There are 2 protein chains.
Amino acid sequence: MAARPRTGPARPRLPDARQTMIAGAIDSLRVHGVSGTSVDRVLAATGAPRGSVYHHFPGGRTQLLGDAVSAAGGVMSELIEQLTRDNDPAQALEQFAALWRRTLRESDYRAGCPVFAIAVETTEDTPELADAATEIFARWHRALAGLLVRHDFPADRAARLATLTVAAVEGAIALSRVQRSTAPLDDAVEELRGFYATATR
Amino acid sequence: MAARPRTGPARPRLPDARQTMIAGAIDSLRVHGVSGTSVDRVLAATGAPRGSVYHHFPGGRTQLLGDAVSAAGGVMSELIEQLTRDNDPAQALEQFAALWRRTLRESDYRAGCPVFAIAVETTEDTPELADAATEIFARWHRALAGLLVRHDFPADRAARLATLTVAAVEGAIALSRVQRSTAPLDDAVEELRGFYATATR
DNA sequence: GTCTATACGAAGATAGAC
DNA sequence: GTCTATCTTCGTATAGAC
């Protein structure tokens, strides 16, 4: 990923304009999706001046979005890997769902998943985003399928069930957004957990 | 993409310019989402002239999108109601999935669900779209939950399982798009069908 | 009634002032 | 190195010609 193009020794970690813009882009991706995330919107949200974007992201809007997705995907992946390392399947799912319930409520049901935002839009001009999203989903799938295998699911069933879980949680988050209620997420997760418990292994 | 016969300078004045524009808007919603669906794009895809939009849709872009969602939602709802009337749960799901596999392949994994496109974007300027989408999802949920109840699921489990199904199918379609393969949809649906079969009633 | 021409603003990008 | 001013293109909408 893009390394710091600065010279000199250990630069102090200042509250970087670059990091701020990436955070703003992630927020916008969550709420407005890819097409809805304009440079203008990010600038308005962060208060950064216009030219700064092209100083920090020579590739312009495309690079800003790409870096935002990588950053968001990295953080979410680490979280999922931690949850799937320290819990059994039902617990991991429940903790993940709890975080999403909170995000939904705190954003007034406006914010969704920034990685999923890429999956629901075909953008001819930025195919690299699709590749990045695919990799991130694969990482989540790997973590979850591994957890299921460690809990005695056969590999093929674990793989399918991991896919179902990712699809269902992402889908339910979207339904919860439009319905302005966590009920779809709650219901989907409850059934999934029942599935984990009763599934033949 | 709307089929457009190129028969010289004079386009055949076909069924209805209005219907053609709605169809074009639906196609664009499927591929590019709400923010990505501009009037320009619909015009380019349909070959309709600029002013026609505001003649047929005095409410402009907002009305065009609203009518497109209503039309698409109506067609899809009738299909789902038919499938859930004439089949058992596993069959209905399989037939619905088969249609989506076909759509994914034929669109080269570019087209998704036009109603779901609304659920994944928060658009402050068009809240009526969210309401329309909510109603359509409710209609699908009703049809599916009813089918499950008729197949001996208790009402509360049927309701949750219907939510899980809608969320999982929509989520899996998106994953299939970005992954350019029907595998996510196939896997999610196979697990769901197993769930239908083994679930305690 | 259909379409062309255009006004007006938003958005991506760049040049150059400080 | 940061920001402002500006170019260009795209997008929504309207006026008005035919």
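None of these values were measured; they are calculated from a predicted model. Within every chain, numbering begins at 1; the chains are lettered A, B, ... in the order of the sequence lines, protein sequences first and strands thereafter. Both backbone and side-chain heavy atoms feed into the values below; hydrogens, waters and symmetry mates do not.
- Taking CZ of Phe57(B) as the reference point, atom CG of Leu65(B) lies at 10.0 Å (rounded to 0.5 Å).
- Salt-bridge annotation for Asp88(A) and Arg150(A): absent, with no side-chain N of the basic residue lying under 4.0 Å from a carboxylate O of the acidic one.
- Note: Phe116(B) and Phe116(A) have perpendicular aromatic rings, judged against thresholds of 30 and 60 degrees for the angle between ring planes.
- If you take CD of Gln63(A) and P of dA13(C), they are 11 Å apart, rounded to a whole angstrom.
- Ionic pairing of Arg101(B) and Glu94(B) is present here: one or more N-O contacts between side-chain nitrogen and carboxylate oxygen are shorter than 4.0 angstrom.
- Regarding His32(A), its NE2 atom lies at a distance of 11 Å from the P atom of dA11(C), rounded to whole Å.
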I'd like a list of close polar pairs between nucleotides 16-18 of chain C and the protein, N/O only, cut-off under 3.5 Å.
none

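- Regarding Leu43(B), its CG atom lies at a distance of 13 Å from the C1' atom of dT2(C), rounded to whole Å.
- In this structure, the side chain of His32(B) engages the main chain of Thr122(A) through a donor-acceptor pair within 3.5 Å.
- Side-chain N/O atoms of Tyr54(B) include none lying less than 4.0 angstrom from OP1 or OP2 on dT14(D).
- A donor-acceptor distance shorter than 3.5 angstrom exists from the side chain of Thr103(B) to the backbone of Leu99(B), with no hydrogens or angles considered.
- Comparing dT12(D), dG12(C), dT2(C) against the side chain of His56(B) picks out dT2(C) as the nearest.
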Next item on the list: Could you walk me through whether Ser28(A) and Thr37(A) pass side-chain hydrogen bond (donor to acceptor under 3.5 Å, both in side chains), step by step?
Entry: CA-CA 6 Å; Ser28(A) 178; Thr37(A) 296; 2.9 Å; yes
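- Looking at Arg160(A), its side chain never comes within 3.5 Å of a backbone N or O of Glu191(B) through a donor-acceptor pair.
- Looking at heavy atoms from C-beta onward, Gln95(B) lies in side-chain contact with Asn87(B) at the 4.5 angstrom threshold.
- Rounded to whole angstrom, the span from the CZ atom of Arg41(B) across to the P atom of dT12(D) amounts to 10 Å.
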At a cut-off of 3.5 Å, list every protein nitrogen or oxygen paired with a nitrogen or oxygen from nucleotides 5-10 of chain D, distance to 0.1 Å.
none

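- Rounded to an integer number of Å, the gap from CZ of Arg61(B) to P of dA10(C) is 15 Å.
- Distance Phe57(A) CZ to dG12(C) P: 14 Å, rounded to the nearest Å.
- Across the protein-nucleic acid pair, His55(A) atom NE2 and dA13(C) atom P stand 17 Å apart, rounded to whole Å.
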